[in-house]
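Just below is one structure, and these are the notes that go with it.
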2 protein chains.
Amino acid sequence: MKRNSRLSAVLHALMHMAEREAPMTSDDLALCLDTNAVVVRRTMAGLREAGIVQSGRGHGGGWHFARPLADISLLDIYNALGEPIVFQIGPATEMPGCVVEQSVNRVIGEALKDAEAILMARFAGTTLADLAADFRVAAKHCRADTG
Amino acid sequence: MKRNSRLSAVLHALMHMAEREAPMTSDDLALCLDTNAVVVRRTMAGLREAGIVQSGRGHGGGWHFARPLADISLLDIYNALGEPIVFQIGPATEMPGCVVEQSVNRVIGEALKDAEAILMARFAGTTLADLAADFRVAAKHCRADTG
DNA sequence: GCGATTCGTAACTATTATTGTTACATGAAA
DNA sequence: TTTCATGTAACAATAATAGTTACGAATCGC
């Protein structure tokens with residue numbers, strides 16, 4: 001299956017925004033992400049509703065942050081994206097009648113739940129400021145293009 | 001997208017097999033799993049190659065275990081299935097040229113890797129015997145159908 | 001006000017992974 | 001030798017994501 005790359009993509013977009021002063025248009029970001037402006041708007045819509053970014057129309061419009069990078073965790077963003085499904089593997093039936101299947105689903109489900117909790121904790125503990133700092137360290141070693 | 005339910009499905013099948021003495025045919029299992037016999041064969045093929053189950057043709061044929069349930073971990077089965085992709089979320093580009101994207105991918109990738117390690121450890125520590133025992137406890141409380 | 005710019009959104013297409021189905025060959029037991 | 005059962009290829013169905021087109025609505029500069 002195609003994997004869901006919205007989290008990755010939107011973080012990529014936000015980091016580009018973080019490197020600039022002025023708002024960036026959907027077209028700007030689409031160029032960075034090598035995708036379409038509509039896809040950008042669609043993805044960013046959730047973040048706007050969550051109060052993470054703001055958008056402006058017309059001349060000089062575009063996307064900018066609604067609050068400091070240090071106040072935005074990866075979990076905030078994950079949630080703003082509509083909490084995409086984490087795992088590709090999952091149960092065959094959500095509400096099985098078969099007792100055997102129920103038992104299997106429970107065991108697998110608990111394992112997945114624990115792994116997901118680890119992931120969410122990690123997301124909660126990482127802010128966009130962390131991510132930006134991480135990037136700047138990496139960029140020091142390799143002053144290449146940023147497109 | 002559709003989620004990959006092969007692990008869940010095959011465990012369901014194996015638990016039904018564990019509850020019986022005689023081999024079960026693909027048709028038997030397909031009935032249990034509410035699916036098609038070909039799908040069963042396809043899924044079980046990996047387990048046969050991994051030496052977890054054996055199959056016999058003709059009269060009295062079908063599927064049976066190749067070794068004790070206590071010697072088969074969920075990780076063995078996961079691996080036998082061809083190590084299906086665990087996460088639905090993932091990077092937009094596998095080998096990005098953009099340094100910003102590389103940085104984002106690395107941070108996200110590490111978080112996913114850690115979560116996956118937790119999951120695999122859990123799978124490694126659970127055997128089919130554990131699963132069967134778990135089921136029998138649950139079945140005591142609810143003596144319903146097992147199909 | 002007018003026109004250029006930019007977001008907002010619906011509708012449709014393209015891509016791709018999983019699952020289901022059909023068909024037929026192969027092998028084993030009664 | 002007939003019947004039962006797996007082995008496998010080929011194709012259809014399903015479903016989720018991502019890309020595209022089209023048009024409406026809001027904002028800015030003139």
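So that the names make sense, note that chain A is the first sequence line, chain B the second, and so on, each numbered from 1. These numbers were taken from a predicted model, which means no experiment stands behind them.
Residue Gln54(A) contributes atom CD, which lies 18 Å from atom P of dA26(D) at whole-angstrom precision. Atom-to-atom, CD of Gln88(B) to C1' of dT18(C) comes out at 11 Å; the value is rounded to the nearest Å. Put simply, CG on Asp27(B) is 12 Å from P on dT21(C), counting in whole angstrom units. Distance CG (Leu7(B)) to P (dT18(C)): 13 Å, rounded to an integer number of Å. Atom-to-atom, CG of Leu47(A) to P of dG8(C) comes out at 12 Å; the value is rounded to the nearest Å. Between His12(B) atom NE2 and dT19(C) atom C1' there is a gap of 17 Å when expressed in whole angstrom units. Remark: C1' of dT6(D) and CH2 of Trp63(B) are 7 Å apart, rounded to the nearest angstrom. For the pair Asn4(A) CG and dT18(C) C1', the interatomic distance rounds to 17 Å; values are reported in whole Å.
Phosphate contact (OP1/OP2 of dG7(D), side-chain N/O of Arg48(B), threshold under 4.0 Å): present. Between Ser55(B) and dG7(D) there is a side-chain polar atom (N or O) within less than 4.0 angstrom of OP1 or OP2. A sub-4.0 Å separation between OP1 or OP2 of dT19(C) and a side-chain N or O of Ser5(B) is present.
Not one N or O on the side chain of Ser103(A) forms a donor-acceptor pair closer than 3.5 Å with the backbone of Val99(A).
The side chain of Thr25(A) lies closest to dT6(C) when the candidates are dT6(C), dG7(D), dA18(D). Each of dT18(C), dT20(D), dC7(C) was ranked by its minimum atom distance to the side chain of Ser26(A); first place goes to dC7(C).
Using a 4.5 Å heavy-atom threshold, the side chains of Arg106(A) and Gln102(A) count as separate. Residues Asp28(A) and His16(A) are not in side-chain contact: their nearest non-hydrogen atoms beyond the backbone lie 4.5 Å or more apart.
Listed by chain and number, the residues in a salt bridge (Lys or Arg N to Asp or Glu O under 4.0 Å) with Arg6(A) amount to none (sequence neighbours excluded).
Atom CG in Leu74(A) sits 10.0 Å away from atom CZ in Arg122(A) (nearest 0.5 Å).
A ring-ring contact (aromatic ring centres under 6.0 Å, His included) check over residues 49-72 of chain A, counting only residues at least two apart or in different chains, returns nothing.
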**Q.** Contact pattern, 5' to 3', of nucleotides 22-30 of chain C - B, S or - by protein heavy atom under 4.0 Å
**A.** BB--BBBB-
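Counted within 6.0 Å of CG on Asn79(B), heavy atoms from surrounding residues, nucleotides or ligands total more than 12; the atom is thus considered enclosed.
Within the 4.0 angstrom heavy-atom criterion, base atoms lie near Arg42(B).
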